[in-house]
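Chain A is the first sequence line, chain B the second, and so forth, proteins listed ahead of strands; every chain is numbered from 1.
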Amino acid sequence: MDFLDGLNPQQRMAVSAPSGPVLVLAGPGSGKTRVLIHRAAYLVRHAGAAPRSLLAVTFTNKAAREMQTRLANLLADAHGAGLPSLGTFHAACARILRREADRLPVTRDFVIFDDSDQEALLRQVLKELNLDPRQHPPGRIHAAISSAKNELILPEAYPASSYVAEIVRRAYGRYDQLLRENNAFDFDDLLVWAGRLLRENDDVRDRYRRFYQHILVDEFQDTNTAQYELLRLLVSDEPDLFLVGDPDQSIYRWRGADYRNVQRFQKDYPNHRVFLLEQNYRSTQHILDAAMAVIDRHPDRQKKRLFTDRGQGTPIVLRETYDEQEEAAYVVETIAALTLQKQLEPRDCAVMYRTNAQSRALEEAFLHANLPYRLVGAQRFYGRREVKDLIAYLRLVHNPADQVSLLRVLNTPPRGLGAKSIEAMLEAAARSQQSPGVYLLDLGRGAAEAPSGLSARAAGGLASFGQHLAAWRERAASLPVAELIDALLGSVRYREFIDDGTEEGEDRWANVLELRGLAQDYIDLGLSEFLQQVALVSDQDTLTETLNAPVLLTLHAAKGLEFRAVFVIGLDDGLLPHQRSFDDREAMAEERRLFYVGITRAQDFLFLVRAFRRHSFGTGGVCEPSRFLSDIPADLLAGDAGHRGPTRAQALYERQTRWESLADAPAEPRYRAGMHVQHSAFGDGIVMESHLDREDETVTIAFGQAGVKRLSASLARLEVLDD
DNA sequence: GCATCGGATTTTTTT
DNA sequence: AATCCGATGC
């Protein structure tokens, strides 16, 4: 079969374009991922490219994974020649940096600092510089440093244009220094240093240029300066660059993304070709018309005309509710009604909002209705304390120079090492010109002098920690990660610390075991690769595909997804567009695009919802409808936009009756009592009970070895052996 | 060294 | 309103 079949003429032209710089401007739902994947396949099948000479980069792991699977299918019989390199910008950079570590101010064992590590390090910096973290919030300084890095501005070049800027400049310099001392890169460094490596080492650059002859980029509108420069360094003078993107969907400006890279590219590569994908395969014409009405108000943009052959569809519903409770109730009720009428499945529905805080009212409403839901983002698995603790232990074992991790675990669980002992230890380490971790190792085997002025107990505690660390390091060299974790947890009696017998304690311990299970799943990965995996994979992936429930997510998180029914809630001026964007033209334009992204996620049904009154920060206020709403022509809309006032009692009553009928028609649990399952850490077991809760399925299993455990189905990776 | 209290803070967050 | 951080007191 020819894989150009099934593509429309525009898609086909883009896919089979001659080698060279290509820009595909693709409207929402126009099959841009499809085009990217087919282009990769085309290069291998028709242009005779070696799969390995392809590099495809995406922004999310999810996109990378999807591409991987689909590409593997397309290239199924061309196996043996290997598969293209495929991953996120950050993962690709980490791979390169690891390989070329001897040219860098870190060792091959460097670790990757995430946001909370970065903030911890910044707190340390502020302390050193005698700055009050209240007046200079670490988060804000971190943001400033991050955008400087994304703009490729080095600390020395950071403009000290104001007092605050001077503070940032100094913090930035010291922060970077400390990162090197910790043998660490932060997220942004991965891009910055990969670029630096290629810029400063001609031989390395030539090597990669020869190796990657074809580069493909997804969501190009979201690249930042560092990423764009990196691309320029990676391609030769006659580049085969295939970029896919949509400037109308650029929503990460505040993270340094610059859709003007699209224009920059057109200027830098005057011989490029542009392809426009305008046919939409996702939404009804009503939805597209509304989307275009919103985005056409956007100044200076290349106009795209979106069309579909899916027909007009149903009108868009605009609904004004009294407050956020009624807003949430309306959403739940409507989803309930749609699913009861069998118009669609619960999983076909999504609720999108501007800020995470808005999920709260929704969660309560779903909870009250006894309906399950799936929440994207918010409470992150890797953000949980116990998970971070364990990762910090592993990182310390892997890289004793990692001071941030050391300080995190040194007294966790408490072992009598308080602020004073730690200070003395840091001082002694500095005096012996060692990183604190290495110093503790020395102290453990009696090769270093104990810190002065400490109680025997504290000094003993430090030495004993050093001995433990040495023992773990020894084991790390020979044991799989999962077994190292066992040894570690056992020797610090972590379970006793975290699991206090309450339900919460059990959950915490279960999270620890899930991480262990993950290590078991990636049994082939060494400690280094495992840590990198953990650092670069976010848990957007925790989204359970199997649970049949509506999805709650921010508009940002919704990009790239589609649902039959979409509710965009909180359409109030001040929320969308967000108040903080009011006085910034560019920011307002981005709010508009954000709304556009939300609208264009919908396939069949679109609900736009707002509340007359909204409680924020304790004070309840009356709000105006979003200014974007007036851009949508009235003839596309249905609903009761003029209806105001407290209909709560009535709504409450209705809710009650509908929920009762719904309670017995929830989504199906995946596991049933009596099933025989296998867990990577606990072995074989029998399911005793399983139920759906808010965003997941909780399974109670009796394991032969490990006893009875309650696990969450989305994380546990259970394998069903037989029912 | 740990618990508790008080005060400040509150956009979005691919990696 | 709720949460998180830091300082204070035991």
Check: Phe59(A) ring centre within less than 6.0 Å of Phe89(A) ring centre: yes

Near-ring test Tyr175(A)/Tyr172(A), centroid separation under 6.0 angstrom: no

Reading 5' to 3' through nucleotides 3-10 of chain C, protein heavy-atom contacts under 4.0 Å coded B for base, S for sugar-phosphate only, - for none: S-SS----

Given atom [atom1] of [X] and atom [atom2] of [N], what is their separation to the nearest angstrom?
| X | N | atom1 | atom2 | answer |
| --- | --- | --- | --- | --- |
| Leu555(A) | dT12(B) | CG | P | 11 Å |
| Ile251(A) | dT12(B) | CD1 | P | 13 Å |
| Glu591(A) | dT11(B) | CD | P | 13 Å |
| Leu575(A) | dT10(B) | CG | P | 16 Å |
| Glu119(A) | dT9(B) | CD | C1' | 13 Å |
| Trp254(A) | dT13(B) | CH2 | P | 6 Å |
| Arg580(A) | dT13(B) | CZ | C1' | 15 Å |
| Glu586(A) | dT11(B) | CD | P | 21 Å |

When all nucleic acid strands are considered with a 4.0 Å heavy-atom cut-off, which category describes [X]: base, sugar-phosphate, or nothing?
| X | result |
| --- | --- |
| Asn411(A) | sugar-phosphate |
| Tyr252(A) | base |
| Pro137(A) | nothing |

Donor-acceptor pair under 3.5 Å, Arg255(A) side chain vs dT13(B) base: yes

Where Leu552(A) and Glu363(A) come nearest, the two heavy atoms and their spacing: CD2-CG, 4.2 Å

Can you check whether [X] has a side-chain N or O nearer than 4.0 Å to OP1 or OP2 of [N]?
| X | N | answer |
| --- | --- | --- |
| Ser421(A) | dG1(B) | yes |
| Asn61(A) | dT15(B) | yes |
| Thr554(A) | dT13(B) | yes |

His556(A), nearest nucleotide to its side chain (from dC2(B), dT11(B), dT12(B)): dT12(B)

Residues in ring pair (Phe, Tyr, Trp, His ring centres under 6.0 Å) contact with Phe187(A), at least two apart in sequence or another chain: none

Of Asp222(A) and Lys420(A), the one whose closest DNA chain B nucleotide lies more 5': Lys420(A)

5' precedence on DNA chain B between Arg140(A) and Asp188(A) (nearest-nucleotide basis): Arg140(A)

Phe59(A) over dT15(B), stacked by centroid distance under 5.5 Å, angle under 30°: no

Per-pair stack call His90(A) and dT15(B), 5.5 Å, 30°: no

Measure from NZ or CZ of [X] to the centre of the six-membered ring of [Y] and say whether it is under 6.0 Å with the direction within 45° of the ring axis.
| X | Y | result |
| --- | --- | --- |
| Arg627(A) | Phe582(A) | yes |
| Arg415(A) | Phe465(A) | no |
| Arg253(A) | Tyr259(A) | no |

dC5(C) to dT12(B) separation - C1' atoms, rounded to the nearest Å: 23 Å

Arg495(A): salt bridge (charged side-chain N to carboxylate O under 4.0 Å, His left out) partners, not counting sequence neighbours: Asp499(A)

